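Worksheet: one structure, shown below.
Source: prediction; values computed, not measured. What's counted below: heavy atoms across the whole structure, side chains too, no hydrogens, waters or symmetry copies. All chains are named by letter (A, B, ...) in the order of the sequence lines, taking the proteins before the strands, and each is independently numbered beginning at 1.
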There are 2 protein chains.
Amino acid sequence: MRVSREQMAENRERILDTAATLFRERGFDGVGVADVMKAVGLTHGGFYGHFSSKDDLAAQALGRAFVHSGQSAAEARASEPQAPRRAIIDRYLSPAHRDDPGHGCPVAALGSDTARQGEASRLAATEGVRAAIKGLCAITPGATADERRTSAIASYATLVGALVLARMVDDAALSDEILAAARAELCSAEA
Amino acid sequence: MRVSREQMAENRERILDTAATLFRERGFDGVGVADVMKAVGLTHGGFYGHFSSKDDLAAQALGRAFVHSGQSAAEARASEPQAPRRAIIDRYLSPAHRDDPGHGCPVAALGSDTARQGEASRLAATEGVRAAIKGLCAITPGATADERRTSAIASYATLVGALVLARMVDDAALSDEILAAARAELCSAEA
DNA sequence: CTCTTTATATGATGCTGATCATGTAAATTC
DNA sequence: GAATTTACATGATCAGCATCATATAAAGAG
């Protein structure tokens with residue numbers, strides 16, 4: 001059955017958002033095209049009217065995840081204008097973020113996966129990382145722009161690594177300790 | 001055809017080492033049982049005489065990867081006894097390590113994958129991370145043991161995150177810049 | 001209102017991969 | 001060295017999954 005043009009556009013958006021969440025939760029290989037479509041409320045048949053392949057979907061969904069992630073960072077920043085860096089760090093390293101990969105940072109959720117993905121996904125990731133670094137530069141202290149950029153990249157790495165480690169281990173206390181250690185380091189040092 | 005007991009034990013070791021490499025290169029889902037056996041020079045039939053399932057193999061191979069990773073760190077430390085921390089950082093953040101995930105850090109290569117893996121793999125990861133933190137504590141400066149531990153965990157996170165980011169992006173210059181930024185931060189700051 | 005277009009549904013198709021069944025020849029055992 | 005065990009090979013089974021073919025009913029064009 002056919003749907004209206006705007007209904008179709010909305011369906012496409014929902015496929016992208018749903019895929020962005022499912023991929024982050026279960027990995028690129030852990031989610032099938034049919035899974036995504038079913039979660040949206042459609043069947044697998046219509047998929048190839050929207051995307052040319054699963055790889056195509058993966059790349060676009062990854063881009064979408066980066067956009068949402070940037071919006072979340074902007075939101076955190078705006079919520080505490082006098083300490084934006086701390087607000088972002090606290091949100092990123094929160095247990096809530098750790099326990100909800102589907103709506104969180106795509107680097108922490110899909111980083112090692114993406115390194116093995118096709119060119120389109122790698123490009124989306126490159127754009128996303130570039131944008132994130134730029135965003136972090138704006139709230140990172142430092143004398144020169146170069147210093148700020150170096151420091152922003154290092155902070156980004158610490159955030160990502162701490163979240164990956166915290167999700168990897170099977171011990172709640174150790175996981176919490178990892179998040180706390182990264183928070184402490186990032187908030188004390190202003191390199 | 002049957003082989004001798006020691007030949008069998010050696011085969012088992014080679015299966016584990018080969019799996020540890022292949023999984024890091026292609027991810028848990030990117031490698032089949034038959035792939036591993038073929039790489040060892042055997043056929044898929046004998047696999048279940050050595051391991052109870054692919055999950056079982058994954059967990060044991062992950063443990064193996066952590067052991068090798070620890071040995072590599074010890075080697076780096078020993079090669080430069082007067083600056084062991086710097087030696088480890090330089091090796092971890094080298095382009096050579098970035099470009100050879102199959103023989104490198106299992107957290108950077110399989111971190112986001114492992115978080116979605118079964119209990120056995122999660123346990124192996126927890127042990128591995130614990131051991132890595134302990135090893136880093138020994139070469140991390142700081143007034144108290146608590147301070148050293150916090151700093152060691154944060155450094156570990158920075159290393160992991162930088163390598164994940166450097167592998168994810170599709171731009172050689174940006175990738176190099178990420179490695180260099182993490183190196184700069186880790187070697188300048190002694191928090 | 002009729003005709004055409006098309007977004008989606010239903011239902012193949014073909015491949016990959018985990019696991020199991022059975023055979024075989026070489027190693028152990030006695 | 002005969003009997004038995006067993007590590008591995010060959011080949012099947014079964015399920016999941018990407019992709020394609022065809023049908024259908026609703027949207028949009030005239």
Gap between atoms [atom1] and [atom2], on [X] and [N] respectively (whole Å):
{"X": "A:Phe51", "N": "C:dT8", "atom1": "CZ", "atom2": "P", "value": "11 Å"}
{"X": "A:Lys38", "N": "C:dT8", "atom1": "NZ", "atom2": "C1'", "value": "16 Å"}
{"X": "A:His50", "N": "D:dT19", "atom1": "NE2", "atom2": "P", "value": "16 Å"}
{"X": "B:Met37", "N": "D:dG11", "atom1": "CE", "atom2": "P", "value": "17 Å"}
{"X": "B:Phe47", "N": "D:dA9", "atom1": "CZ", "atom2": "P", "value": "14 Å"}

- Do A:Ser112 and B:Ser112 have side-chain atoms, one donor and one acceptor, less than 3.5 Å apart? yes
- Task: Would you tell me whether A:Arg12 and A:Gln60 have side-chain atoms, one donor and one acceptor, within less than 3.5 Å of each other?
- Result: yes
- Task: Would you mind telling me which residue lines up with the more 5' stretch of DNA chain D, A:Tyr48 or B:Gly41, judged by nearest nucleotide?
- Result: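 Its nucleotide being nearer the 5' end, the pick is B:Gly41.
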- Encode nucleotides 12-17 of chain D as B, S and - characters from 5' to 3', where the letter depends on protein heavy atoms closer than 4.0 Å: B to the base, S only to sugar-phosphate, - to neither. B-----
- Note on the structure: Its contact letters, B for base, S for sugar-phosphate only and - for none at protein heavy atoms under 4.0 Å, make nucleotides 24-30 of chain D read BBBBS--
With [X], which residues qualify under side chain to side chain contact (heavy atoms under 4.5 Å, CB included), at least two apart?
{"X": "A:Ser121", "value": "A:Ala58, A:Ala59, A:Leu62, A:Gln117"}
{"X": "A:Ser94", "value": "A:Ala96, A:His97"}
{"X": "A:Glu177", "value": "A:Leu174, B:Arg149, B:Ile153"}

- Message: For DNA chain D, which residues of residues 7-19 of chain B approach it to below 4.0 angstrom with any heavy atom?
- Response: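 Residues of residues 7-19 of chain B that come under 4.0 Å of DNA chain D are, in numerical order, B:Met8, B:Asn11.
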- Item | Listed once per pair and sorted, the salt bridge (charged side-chain N to carboxylate O under 4.0 Å, His left out) pairs that draw on residues 95-107 of chain A, sequence neighbours left out | A:Arg98-A:Asp176
Partner set under salt bridge (charged side-chain N to carboxylate O under 4.0 Å, His left out) for [X], not counting sequence neighbours:
{"X": "B:Arg91", "value": "B:Glu75"}
{"X": "A:Glu10", "value": "none"}
{"X": "A:Arg122", "value": "B:Asp170"}
{"X": "A:Arg86", "value": "A:Asp90"}

Ignoring hydrogens and angles, write down the donor-acceptor pairs under 3.5 Å from the side chains of residues 19-40 of chain B, residues two or more places apart or on other chains.
from	atom 1	to	atom 2	distance (Å)
B:Thr21	OG1	B:Asp17	O	3.3
B:Arg24	NE	B:Ala20	O	2.9
B:Arg24	NE	B:Gly102	O	3.1
B:Arg24	NH1	B:Gly104	O	2.7
B:Arg24	NH2	B:Gly102	O	3.2
B:Asp35	OD2	B:Gly32	N	2.8

